[in-house]
**Q** 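Here's a structure for you.
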Amino acid sequence: MSEKAFDIVVFGATSFVGQILSRYLMQQYGVDGELKWAIAGRSEPKLVTLKSSLGDAAKELPVVVADASDEASLANMCARTRVVISTVGPYALYGEPLVRACVEAGVDYCDLTGEVQWIRRMVQQYEARAKETGARIVHCCGFDSIPSDLGVYFLQQQAQQRFGTPCNTVKMRVKVAKGGMSGGTVASLVNVTKEALADPALRKELANPYSICPPEFRPKLRQHNVKAAEYDEDYGAWTAPFIMSAINTRVVHRTNALTGAAYGSEFGYDEAMLTGRGLKGRATALGIAAGLGGFMAATAIRPARWALEKFVLPKPGEGPSPKAQEEGFYDLRFVGISEKGKLIRTKVTGDRDPGYGSTGKMLGEAAMCLAFDIDASERQAGGFWTPASLLGQPLLDRLTAKAGLTFEVIDGK
């Protein structure tokens, strides 16, 4: 590994999130110092333009030309680096060749996908080979699903310290989040809808909370899923469905499975959005639930989906402005209850737009963690991991020290 030219290669560097990530790495680590890294993508002119935009200090930043549809170029890229970060989505359409290339080369990989059906396919097809080659594959290293996955990890660590046992029930509620949506995220959501409409088996799979867990891990506990406006006694407020719970809950359950049921063999977890108290909170919850239902229904109807993509939703490459990213933030609240009724409340906050400004930083630190903090001899080397199951405390430390996240206990008794 010491012969590799780079520690990290950012593949898809000219994408919307790829540019944010590249700026973050440049500002945080520079070029050819502690971190040796490169930007990569299929268009050399666009890569050169990005490099120029990063300032004079980026003059020595290497550029690697590689195409998601050209396996030889992907293999060449993997031969030169220890870790690959991919921002090229929708991953279900473009992501598999790079995962395969990393697995075959024994190269570590992380991305920001939230496409649960694609993750399942990749695990089924490539995990056995990844264990042979030593490639460590870590999906979901953005807003979906690091704050949820590491948030539960943090809460359970604190519960163990205070109560001597994990919490067998945990709920995450989005107290507040300010941010926009990029065209890449929209494209991924629309593609999942298209796949589900064409495949009844996939629709059933998407309803399974353990869909990306190992086949032998099938707890009997019925998982709660907030699908409509609900009043939550533990928070004393109304709640509405949270669109990212579909991926976040699956990642948290996979973490529990990969860590030998560290959270309990019958662990319950769900997510929702807090909308407030009283009639106003109820009305807001009903409005959000209706709006989300209407959006999903529209994406399921071909003419309506075409109209949304054509006239309403952002296009790939589009997203919130730098000012909007700076002004964004999020505050997630967790409550955990142990089998004996002990209760702990924690929170996770981030200082930028959750899906872009903060995601870029989280993705960068996940890659740094893979490259420098996780010794393969300390854990099972190869395989498909989650952020918490492989990166755990080292990533949490990086996120709080460098990426603008906080993990705090509010109350534990």
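No hydrogens, no waters, no symmetry mates; every other heavy atom, side chains included, goes into these values. Since the model is a prediction, treat every value here as computed from it, not as a measurement.
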**Q** For the backbone of D144 and the side chain of S148, can you confirm whether one donor and one acceptor N or O come within less than 3.5 Å of each other?
**A** no
**Q** Examine R82 relative to F372 and say whether NZ or CZ is less than 6.0 Å from the centre of the six-membered ring and inside a 45° cone about the ring axis.
**A** yes
**Q** In plain terms, say whether D108 and R136 are close enough for a salt bridge, that is, a side-chain N and a carboxylate O under 4.0 Å apart.
**A** yes
**Q** How long is the gap from CD on Q158 to CD1 on I344, to the nearest 0.5 Å?
**A** 5.5 Å
**Q** Working note: M77 + L98, criterion side-chain contact (heavy atoms from CB on, under 4.5 Å); need CA distance, chi angles, decisive distance, verdict.
**A** CA-CA 10 Å; M77 178 179 72; L98 179 55; 3.6 Å; yes
**Q** State, to 0.1 Å, how close N248 and S145 come at their nearest heavy-atom pair, and which atoms those are.
**A** OD1-OG, 2.7 Å
**Q** Is there a donor-acceptor contact under 3.5 Å from the side chain of T359 to the main chain of F143?
**A** yes
**Q** Could you tell me whether E266 atom CD has more than 12 heavy atoms of other residues or ligands within 6.0 Å of it?
**A** yes
**Q** Apply side-chain hydrogen bond (donor to acceptor under 3.5 Å, both in side chains) to T386 and S389, showing your working.
**A** CA-CA 5 Å; T386 59; S389 65; 2.7 Å; yes
**Q** Looking at N256 and G264, would you say the former's side chain and the latter's main chain have a donor-acceptor pair under 3.5 Å?
**A** yes
**Q** Closer than 3.5 angstrom, by distance alone: can the side chain of K227 be matched with the main-chain N or O of P241 as a donor-acceptor pair?
**A** no
**Q** Restricting to ring-ring contact (aromatic ring centres under 6.0 Å, His included), what partner residues turn up for F6, sequence neighbours left out?
**A** none
**Q** What is the minimum heavy-atom distance between L74 and A68, and which atoms define it?
**A** CD1-O, 3.8 Å
**Q** Could you report the tightest heavy-atom contact between R162 and V409, atom names first, then the distance?
**A** NH2-CG1, 3.8 Å
**Q** May I ask you to test the V335-L343 pair for a side-chain heavy-atom distance under 4.5 Å?
**A** yes
**Q** Counting N and O atoms only, with roles assigned by atom type, does the side chain of T81 sit under 3.5 Å from a partner on the main chain of V84, one being a donor and the other an acceptor?
**A** no
**Q** If you draw a 6.0 Å radius around CZ in R222, do more than 12 non-hydrogen atoms from other residues or ligands fall strictly inside?
**A** no
**Q** Evaluate the side-chain contact (heavy atoms from CB on, under 4.5 Å) criterion for residues T87 and D111: first the C-alpha distance (whole Å), next the side-chain angles of each, then the deciding distance (0.1 Å), finally the verdict.
**A** CA-CA 6 Å; T87 67; D111 64 28; over 6 Å; no
**Q** Could you work out, with side chain to side chain donor-acceptor pair (under 3.5 Å) as the rule, every residue matching D351, not counting sequence neighbours?
**A** K361
**Q** Tell me, please, which residues at least two apart from E327 pass side chain to side chain contact (heavy atoms under 4.5 Å, CB included).
**A** K178, K323
**Q** Salt-bridged, R173 to D270, with N to O below 4.0 Å?
**A** yes
**Q** Using modelled atom types and a 3.5 Å cut-off, is there a donor and acceptor pairing between side-chain atoms of Y24 and backbone atoms of M362?
**A** no
**Q** Would you say R333 and R345 make side-chain contact, with heavy atoms under 4.5 Å?
**A** no
**Q** Quick check: closest heavy atoms across V174 and M172, and the distance to 0.1 Å?
**A** N-SD, 3.7 Å
**Q** Using the test ring-ring contact (aromatic ring centres under 6.0 Å, His included), find all partners of F334 that sit at least two apart in sequence or belong to another chain.
**A** none
**Q** For the pair R254 and E127, find out whether any cationic side-chain nitrogen is under 4.0 Å from an anionic carboxylate oxygen.
**A** yes
**Q** Does a side-chain heavy-atom distance below 4.5 Å link M273 with T239?
**A** no
**Q** If you count heavy atoms of other groups shown closer than 6.0 angstrom to OH of Y210, is the number above 12?
**A** yes
**Q** Using every non-hydrogen atom in the two residues, find where A371 and I8 come nearest and quote the distance to one decimal.
**A** CB-CG1, 4.4 Å
**Q** For atom CD of E34, is the number of surrounding heavy atoms from other residues, nucleotides or ligands below 6.0 Å larger than 12?
**A** yes
**Q** Quick one, K4 and V9 - any side-chain contact, counting heavy atoms below 4.5 Å?
**A** no
**Q** With side chains defined as the heavy atoms from C-beta onward, is the minimum distance between E230 and W238 less than 4.5 Å?
**A** no
**Q** Apply side-chain contact (heavy atoms from CB on, under 4.5 Å) to V17 and L112, showing your working.
**A** CA-CA 9 Å; V17 175; L112 47 74; 3.3 Å; yes
**Q** Kindly write out the residues that satisfy salt bridge (charged side-chain N to carboxylate O under 4.0 Å, His left out) with R121, not counting sequence neighbours, or none if the list is empty.
**A** E195
**Q** Is there a donor-acceptor contact under 3.5 Å from the side chain of W37 to the main chain of G30?
**A** yes
**Q** Any side-chain donor-acceptor pair under 3.5 Å between T165 and Q160?
**A** no
**Q** Any salt bridge between R129 and E104, counting N to O under 4.0 Å?
**A** yes
**Q** Let's go through T346 and F154 carefully: what are the C-alpha distance in whole Å and the side-chain angles of both, what is the deciding distance for side-chain contact (heavy atoms from CB on, under 4.5 Å) to 0.1 Å, and is it a yes or a no?
**A** CA-CA 8 Å; T346 63; F154 173 76; 4.1 Å; yes
**Q** Sub-3.5 Å donor-acceptor pair from the side chain of T14 to the main-chain atoms of K46, do we have one?
**A** no
**Q** Would you say the side chain of Y330 lies within less than 4.5 Å of the side chain of R352, judging by non-hydrogen atoms?
**A** no
**Q** Would you say the ring centers of W385 and H139 fall short of 6.0 Å from each other?
**A** no
**Q** Indicate the atoms forming the closest heavy-atom contact of L150 with A388, along with that distance.
**A** CD2-N, 3.9 Å
**Q** Apply salt bridge (charged side-chain N to carboxylate O under 4.0 Å, His left out) to E96 and list each qualifying residue two or more places apart in sequence or on a separate chain.
**A** R100
**Q** Give, for atom CD1 of I212 and atom CZ of R250, the distance between the pair rounded to the nearest 0.5 Å.
**A** 8.5 Å
**Q** Centroid separation under 6.0 Å, is that true for the rings of F16 and Y356?
**A** yes
